Amino acid sequence: MEGYYMKAPRGTQDLLPGTTEKWQYVEEKLVELSRKYHYKEIRTPIFEHTELFQRGVGDSTDIVQKEMYTFTDRGDRSLTLRPEGTASVVRAFVQNKLFGSPNQPTKLFYFGPMFRYERPQQGRMRQFVQFGVEALGSADPAIDAEVLALAMSCYQELGLKSLKLVINSLGDMESRTNHRNALINHFEPHKEELCSDCQTRLQQNPLRVLDCKKDRNHPAMETAPSILDYLNDESKQYFEQVKQHLDHMGIDYVVDANLVRGLDYYNHTAFEIMSDADGFGAITTLSGGGRYNGLVEELDGPETPGIGFALSVERLLMALEAEGIELPIDDSLDCYFASLGERASQEAVSLMFQLRQAGIQVDKDYQGKKFKAQFKAADRLQAKYVIVLGDEELDQGIVNVKKMETGEQTEVAIDQLVSHIQNELQGGN
RNA sequence: GCGGUUGUGGCGAAGUGGUUAACGCACCGGAUUGUGGUUCCGGCAUACGUGGGUUCGAUCCCCAUCAACCGCCCCA
């Protein structure tokens, strides 16, 4: 097993040229979109004190119980690679007193790797990249709708069609407590018939029982109390207003009373965006989020409502693939030098420097390739122009510029090369 | 954490208990002088995931391990 360390750790991957261009494209789109919605970027550390996640995400969650990358540093501190973004953003919000800014709500977006110790499979990595937004400081249903609209736009802007927006309301504390008690009362008589997972879920988070796939067909499921019937007036009204905004914006959605999110901090609006695309695999959730009033206080900040969502860039790219969407990535090269002889090759080096300073993309051969092979390389690299330079040209102080698309070749004085190429590139496009 | 499938050169992919492990792609060179494609010819590569075991001998059989893929759980 020598050399095991020469493989990327399980659940991690290298993104290589050919793929990174797609990532860059998507990242730029998402940032651009965030700008339209007026969310500003925040960058927080990739690791935090372990306790932040224990308190923020919730001790009972799978994430905290079994998925965290936790380590002790040399100062004997327990630190954890962030498994999600919200806890860190809220911590930064409190620590930097962003609540004191005159611009409220505080609308932030982030972008970066997250870490969860899980068994890798399609759409699930141990290190994956999330893009997410958080709006802190407003309890206006309109901002829930804004966040939902932004989330959907992340996919629609890229041309995705097979999307399903699923929403639910988990209600406020009072509604949740009432519902929770109702659930326990409802399932308690059937406890022995439920799967072992559900038996423990019934204690910890009875809401999860509704989501169980094994017990899906149990008769008690049909008659189980719905959270929507336990929303108090305030919660109900809030949910109605969110839906009204969505209706007015023309955003399609379905309400699923069984939608339960995995993190403890959610209340009121909860949602997921799924992909309908064929062959997308078992994991269909592209992104998820919801409202988390109370989380800021839980993390020692002032009473501040909040809502946010996060999406996985890996899954976004999978969805694009599943729908056969090609991103408009220009992989061409402006110019490539084909030189003959040592003198010409040297001259090419300094000419390339000039071209690059003028903002032109240019490359040459460094493998000692034969002339013909240099042309092959230029073709392969999708060079728009090949600049031919040999002793003949050198002696005349010129260069031959060949436009690859048409095959036409023109002589250009060396001191005119930069401006010639600039004109060509402008005219050509 | 559990289950299934898989692991041969840069990629794809045959194959056998026993001399130099096919082939395709890619790459490099050539087909008379300095021009992209096709064709033809030639060349190339520390390849049987790793560690043990069975055997006179294993890439092929067994065990373990690692990894990948798929699924469960859960999520993004």
Side-chain angles (χ1 to χ4, degrees), chain A residues 1-13 16 57 61-67 82-86 112-132 151 154 195-198 200-201 205 208 211-214 259-263 271-275 279 281-289 308-319 336-341 344 365 367-394 400-409:
Chain A
M1 204 188 311
E2 310 163 44
Y4 70 93
Y5 49 81
M6 286 305 295
K7 286 184 189 166
R10 180 156 218 206
T12 68
Q13 62 182 340
L16 305 174
V57 178
T61 60
D62 283 356
I63 289 181
V64 169
Q65 283 189 346
K66 50 188 197 193
E67 294 174 3
R82 61 184 184 189
E84 58 102 50
T86 303
M114 304 294 164
F115 305 84
R116 291 184 201 173
Y117 191 91
E118 294 192 273
R119 189 89 181 258
Q121 65 179 73
Q122 187 174 48
R124 175 192 287 161
M125 297 272 115
R126 288 185 173 182
Q127 175 176 339
F128 58 100
V129 175
Q130 282 191 337
F131 164 82
C154 289
C195 74
S196 58
D197 282 342
C198 283
T200 51
R201 283 183 188 128
N205 189 352
R208 288 281 189 79
D211 208 27
C212 181
K213 276 140 198 147
K214 281 184 199 156
L259 176 73
V260 179
R261 309 246 56 245
L263 312 186
F271 71 98
E272 280 183 14
I273 297 172
M274 332 250 266
S275 172
I283 293 174
T284 54
T285 302
L286 296 177
S287 60
F309 88 97
L311 67 79
S312 147
V313 178
E314 285 84 356
R315 289 185 189 177
L316 171 50
L317 288 162
M318 277 171 56
Y336 192 84
F337 264 90
S339 60
L340 269 159
D365 165 65
Q367 305 297 311
K369 281 197 173 97
K370 295 290 190 324
F371 189 69
K372 188 184 178 92
Q374 293 181 48
F375 259 87
K376 275 191 179 179
D379 194 47
R380 200 166 46 231
L381 295 170
Q382 300 180 56
K384 297 190 185 92
Y385 295 90
V386 171
I387 301 169
V388 178
L389 184 58
D391 288 338
E392 290 174 26
E393 287 84 356
L394 222 44
N400 269 299
V401 176
K402 179 168 184 175
K403 184 171 187 175
M404 294 298 270
E405 195 184 334
T406 61
E408 60 187 316
Q409 189 162 302

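The sequence lines fix the lettering, A, B, ..., with proteins before strands; numbering per chain opens at 1. Predicted model, so just to flag it, every value in this text is computed and none were measured.
B/C23 and B/G43 have their P atoms separated by 11 Å, with the value rounded to a whole Å. B/U5 sits 42 Å from B/C28 when the P atoms are compared, rounded to a whole Å. Rounded to the nearest Å, the gap between the C1' atom of B/U19 and that of B/C62 is 27 Å. Comparing B/C63 with B/G7, their P atoms are spaced 15 Å from each other, to the whole Å. Spacing between B/U54 and B/A22 at atom C1', rounded to whole Å, works out to 29 Å. Taking atom P on both nucleotides, B/G1 is separated from B/A58 by 34 Å, rounded to a whole Å. Taking atom P in both B/C60 and B/U6, one finds a spacing of 15 Å when rounded to whole Å. To the nearest whole angstrom, the two P atoms, one in B/C25 and one in B/G37, are 15 Å apart.
Side-chain polar atoms of A/Thr12 and A/Gln127 form no donor-acceptor pair below 3.5 angstrom.
Within the nucleic acid shown, A/Leu286 comes within 4.0 Å of sugar-phosphate atoms alone, with no base atom in reach, counting heavy atoms only. Using a 4.0 Å heavy-atom criterion, one finds that A/Gly123 contacts the bases of the nucleic acid, with or without backbone contacts as well. Residue A/Ala338 is out of contact with every strand shown, counting any heavy-atom pair closer than 4.0 Å. Counting non-hydrogen atoms under 4.0 angstrom, A/Ala373 reaches the backbone sugars and phosphates but no base. Nucleic acid contact for A/Gly368: none, since no nucleic acid atom lies under 4.0 Å from a heavy atom of the residue. Contact annotation for A/Met114: no contact, since no heavy-atom pair falls under 4.0 Å across all strands. At a threshold of 4.0 angstrom between heavy atoms, the contacts of A/Thr285 include nucleobase atoms, whether or not backbone atoms are also involved.
Annotation for A/Ala344 and A/Leu394: closest pair N-CD2, 3.8 Å, computed over non-hydrogen atoms. Residues A/Lys369 and A/Gln374 approach most closely at O-NE2, 3.2 Å, considering heavy atoms. Summarising the geometry of A/Phe131 relative to A/Cys154, their closest heavy-atom pair is CE2-SG, 3.8 Å, with the distance given to 0.1 Å.
Expressed to the nearest 0.5 Å, how far OG of A/Ser275 lies from CZ of A/Arg315 amounts to 11.0 Å. One distance of note links CE of A/Met125 with CZ of A/Arg116; it measures 13.5 Å at 0.5 Å rounding. Taken to the nearest 0.5 Å, the CD atom of A/Glu84 stands 6.0 Å off from the CD1 atom of A/Ile63. The CE atom of A/Met404 sits 10.5 Å away from atom OH of A/Tyr336, with the distance rounded to the nearest 0.5 Å. Rounded to the nearest 0.5 angstrom, A/Ser287 OG and A/Gln130 CD are separated by 9.5 Å. Note that the CG atom of A/Leu286 and the CD atom of A/Glu314 stand 12.0 Å from one another [nearest 0.5 Å].
Contact annotation: A/Arg380 reaches the phosphate of B/C27 (side-chain N/O to OP1 or OP2, under 4.0 Å). Within the structure, a side-chain polar atom (N or O) of A/Gln122 is placed less than 4.0 Å from OP1 or OP2 of B/C70. Taking 4.0 angstrom as the limit, A/Arg10 places a side-chain polar atom (N or O) nearer than this to OP1 or OP2 of B/A68.
Among the nucleotides B/C70, B/A76, B/G29, the one closest to any side-chain atom of A/Lys370 is B/G29. In this structure, of B/G29, B/G36, B/A76, it is B/G36 that holds the atom nearest to the side chain of A/Asp379. Each of B/A76, B/C69, B/G29 was ranked by its minimum atom distance to the side chain of A/Arg119; first place goes to B/C69. In the set B/A76, B/C69, B/G71, B/G71 carries the atom at the smallest distance from any side-chain atom of A/Gln121.
Each of A/Ala310 and A/Lys376 lies near RNA chain B, and the nucleotide nearest A/Lys376 is the one positioned closer to the 5' end. Residue order along RNA chain B, read from the 5' end via each residue's closest nucleotide, puts A/Thr12 first among A/Glu272 and A/Thr12.
Between the side chain of A/Glu118 and the base of B/A76, at least one donor-acceptor pair of N or O atoms lies under 3.5 Å.
The nearest whole Å value for the distance from the CG atom in A/Asp365 to the C1' atom in B/C28 is 12 Å. In this structure, the CE atom of A/Met6 is 13 Å from the P atom of B/G10, given to the nearest Å. Between A/Asp62 atom CG and B/C73 atom P the separation is 12 Å, expressed in whole Å. Distance A/Lys7 NZ to B/C66 P: 11 Å, rounded to the nearest Å. What separates CZ of A/Arg124 from P of B/A76 is a distance of 11 Å, to the nearest Å. For the pair A/Gln130 CD and B/A76 P, the interatomic distance rounds to 7 Å; values are reported in whole Å. Spacing between atom CD of A/Gln367 and atom P of B/C44 amounts to 19 Å, rounded to whole angstrom units. When rounded to the nearest whole Å, the span between CG of A/Leu311 and C1' of B/C75 equals 14 Å.
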Where do A/Ile273 and A/Leu311 land on the side chain to side chain contact (heavy atoms under 4.5 Å, CB included) test, with the steps shown first? CA-CA 9 Å; A/Ile273 297 172; A/Leu311 67 79; over 6 Å; no
Where do N or O atoms of nucleotides 31-35 of chain B meet protein N or O atoms at under 3.5 Å, pair by pair?
residue, atom, partner, partner atom, Å
B/G34, O6, A/Glu392, N, 3.4
B/G34, O6, A/Glu392, OE1, 3.1
B/G34, O6, A/Glu392, OE2, 3.0
B/G34, N1, A/Glu393, OE1, 3.0
B/G34, N1, A/Glu393, OE2, 3.0
B/G34, N2, A/Glu393, OE2, 2.7
B/U35, O2', A/Lys402, NZ, 3.3
B/U35, O2, A/Lys402, NZ, 3.0
B/U35, N3, A/Gln409, OE1, 2.9
B/U35, O4, A/Gln409, NE2, 2.6

Secondary-structure string, 5' to 3', Watson-Crick or G-U under 3.5 Å, | for another-strand partners, for RNA chain B: (((((((..(((.....[....))).(((((.......))))).....(((((..]....))))))))))))....
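Heavy-atom neighbours of A/Tyr117 OH from other residues, nucleotides or ligands within 6.0 Å: at or below the threshold of 12.
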